[in-house]
Amino acid sequence: MRPLMVPDPHCASCNGTFVEKLENPEDDPREFQHVHDGFADDGLPPNMDGFLTGLRALFQGSEPERARSTSPTASQGNRLDGPGPGAGIIGSGGGRGLTIQIQGSPDGRSRTMIFGGRGSRRDSQGEGNHPPLLSEFLRGPPGPQDSGPGIAGPLMAQYLLAILGNRPGAGGMDGFPPFMGMPEGAENGRWGDYVFNQEALDQIISQIMENSNAGRPVPATEQVMEKLPREVLEEGSPLLERDCAICKDQFKTDTEDADELIVVTLPCKHPFHEPCIMPWLKASGTCPVCRYQLVPQPEQHGPGSPPLRGATSSRPGGSSSASPPGAFPGSSSSPPSSPRQRPASPGSSSHNRSGSGAGASSLLSNLFGSLGRGSGHRRNDSGSSTHGEGANSSSSPRDHIPGSWGDPVD
Amino acid sequence: MAVSTRRLQKELADLKKQGTPVGIDLLSADNFEEWFLSLEVLGETVFVGEVFCLRFRFDSSYPISSPAVQFVVDDKWQAPMHPHVYTNGHICASILGNEWSPVLSVVSVCVTLQSMLASCKEKKIPPGNDRYVRHAPDNPKETRFAYDDDT
């Protein structure tokens with residue numbers, strides 16, 4: 001017995017939420033997102049400098065293709081506005097690549113990142129305290145102006161995570177064979193207890209949401225409800241002996257509400273007033289009396305297991321023809337479709353990772369995965385079990401990922 | 001008239017006409033939003049001699065939507081010490097959640113909870129009780145329980 005709370009997902013083990021409020025801005029655990037001026041405050045080992053320089057040299061060896069690949073998507077000049085004051089993010093593009101400005105970061109400053117584009121480096125030189133941009137960082141070779149404390153440790157870490165979070169072999173990673181012995185899961189941006197990109201976070205969230213939705217009743221479809229046999233009550237009808245199990249009233253012909261003269265009989269032969277049973281079927285496609293399944297229901301625990309259990313399928317990719325045997329002779333050619341069995345449409349996402357090998361856009365979508373619905377929000381369709389029904393219904397509120405960049409921080 | 005009102009009127013009339021099952025008493029049903037009933041487990045059980053108070057809250061779509069049911073915990077009443085009852089009175093019972101059916105009623109919920117208590121062999125609070133109670137919403141219907149076992 002584990003309590004899970006909606007609408008905020010709670011961890012079933014510790015019951016904590018996944019979005020943490022920062023009570024004290026000084027104590028921001030996301031420290032690597034800040035831009036620091038130097039190494040002094042970062043607590044990095046003293047020889048980190050040399051390590052970073054070495055890494056930089058490593059990256060610079062593979063840069064030329066990367067610098068040219070600015071995806072069409074990234075240069076369209078999407079405007080990506082977060083709704084809240086906490087994270088206003090503006091992206092602008094044009095022929096010169098994509099500029100992203102993040103306003104209202106925890107330290108009050110705004111940050112600019114420019115991906116791709118030829119002229120971007122020159123422009124940024126005007127601002128004195130600007131850290132090197134990721135594109136510059138990856139493009140190299142370092143000009144004279146790049147020497148010195150060009151990239152601070154935290155920023156370096158951020159760039160590294162962005163790169164590591166990318167999937168090798170997919171777009172943008174051609175230059176980087178798996179290195180540093182990446183452990184299992186790193187290619188998805190998941191590495192032990194940490195996630196490095198929005199997609200990996202999405203996966204975890206949808207996993208949680210899927211679990212918390214397991215066992216929820218599946219509503220009957222319009223089609224199923226329309227085909228139910230209806231009968232208008234008349235004098236002498238045997239139904240007049242019986243009760244509607246929902247309102248507990250006996251069926252009767254003298255009623256002021258004409259709708260109550262209509263009796264719907266479910267395939268299991270249980271009769272109900274039409275206005276009584278229809279709202280229920282919209283919530284759960286089962287008979288209230290015997291739990292006969294008009295549409296396949298998820299597995300349920302506990303006693304009183306519903307009939308026709310063998311026909312249920314609670315996992316996507318399970319039997320798609322899971323219509324209960326003998327259910328609805330009239331509609332057997334068109335089995336009731338439950339929402340979770342709809343296949344995810346692979347063409348619906350414009351950011352198909354395996355499509356263009358655009359380093360900048362791929363990197364971008366890693367950094368700002370679910371910024372703006374539909375522009376970067378994408379799940380992998382590789383058939384892993386980590387995404388279930390959440391991936392299928394794009395209009396459901398579950399697509400709103402709590403704590404995403406679109407949410408106000410406080 | 002709201003569907004819930006009509007149905008609750010009917011339930012109330014039946015309660016008054018036919019009486020309540022043994023061990024269950026109507027404490028208050030002054031409106032059609034909130035009722036209180038007392039619950040006692042009869043026979044040789046770990047709860048012998050204890051009386052509990054159940055609070056039912058109905059929304060306008062009852063009985064299509066389940067009532068919010070919890071044990072009252074205040075100066076006068078305590079929740080039973082049971083592996084499915086949190087110390088704040090919230091109850092983890094599938095019939096109050098995923099397995100609710102509009103055929104169920106206030107009395108049938110009481111009888112089910114009575115039998116849940118009666119079958120309890122050992123007084124134990126739920127695992128993770130403290131954490132749940134700390135974060136629990138006011139309305140237990142906002143909690144989605146995972147029903148792991150059949151007990």
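Reckoned from all heavy atoms, side chains included, excluding hydrogens, waters and symmetry mates. Throughout, a chain's letter reflects where its sequence line sits, starting with A, and its residues are numbered from 1.
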**Q** Should B:S101 and A:R291 count as side-chain neighbours, where that means a heavy-atom distance under 4.5 Å?
**A**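 In short, these two side chains touch, coming nearer than 4.5 Å.
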
**Q** Answer yes or no: does atom NZ of B:K124 have more than 12 heavy-atom neighbours from other residues, nucleotides or ligands under 6.0 Å?
**A** no

**Q** Could you grab the distance from atom CD of B:E99 to atom OG1 of A:T286, nearest 0.5 Å is fine?
**A**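 Between B:E99 CD and A:T286 OG1, I get 10.0 Å after rounding to 0.5 Å.
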
**Q** Are A:K248 and B:D14 side-chain neighbours, meaning at least one heavy-atom pair lies under 4.5 Å?
**A** no

**Q** Less than 4.5 Å apart, side chain to side chain, heavy atoms only: is that true for A:I246 and B:I64?
**A** yes

**Q** Is it the case that over 12 heavy atoms from other parts of the model lie below 6.0 angstrom from the CD atom of A:E222?
**A**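 No, CD of A:E222 has 12 or fewer neighbouring heavy atoms, counting only those of other groups under 6.0 Å.
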
**Q** For residues B:W100 and A:W280, report the shortest heavy-atom separation together with the two atoms involved.
**A** O-CH2, 3.1 Å

**Q** In plain terms, say whether A:D249 and B:R6 are close enough for a salt bridge, that is, a side-chain N and a carboxylate O under 4.0 Å apart.
**A**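 A salt bridge links A:D249 with B:R6.
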
**Q** Would one find more than 12 heavy atoms of other residues, nucleotides or ligands at under 6.0 Å from atom NZ of B:K16?
**A**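 Open: at most 12 neighbouring heavy atoms sit under 6.0 Å from NZ of B:K16.
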
**Q** Tell me whether the count of non-hydrogen atoms from other residues, nucleotides or ligands lying under 6.0 Å of CE in B:M81 goes above 12.
**A**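 For B:M81, atom CE is not crowded (no more than 12 foreign heavy atoms under 6.0 Å).
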
**Q** At a heavy-atom distance under 4.5 Å, which candidate from B:S105, B:P63, B:P102, B:G97 has the highest pair count against chain A?
**A** B:P102

**Q** Relative to chain B, which segment of A:C276 carries a heavy atom at a distance below 4.5 Å: side chain, backbone, both, or neither?
**A**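 Backbone only.
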
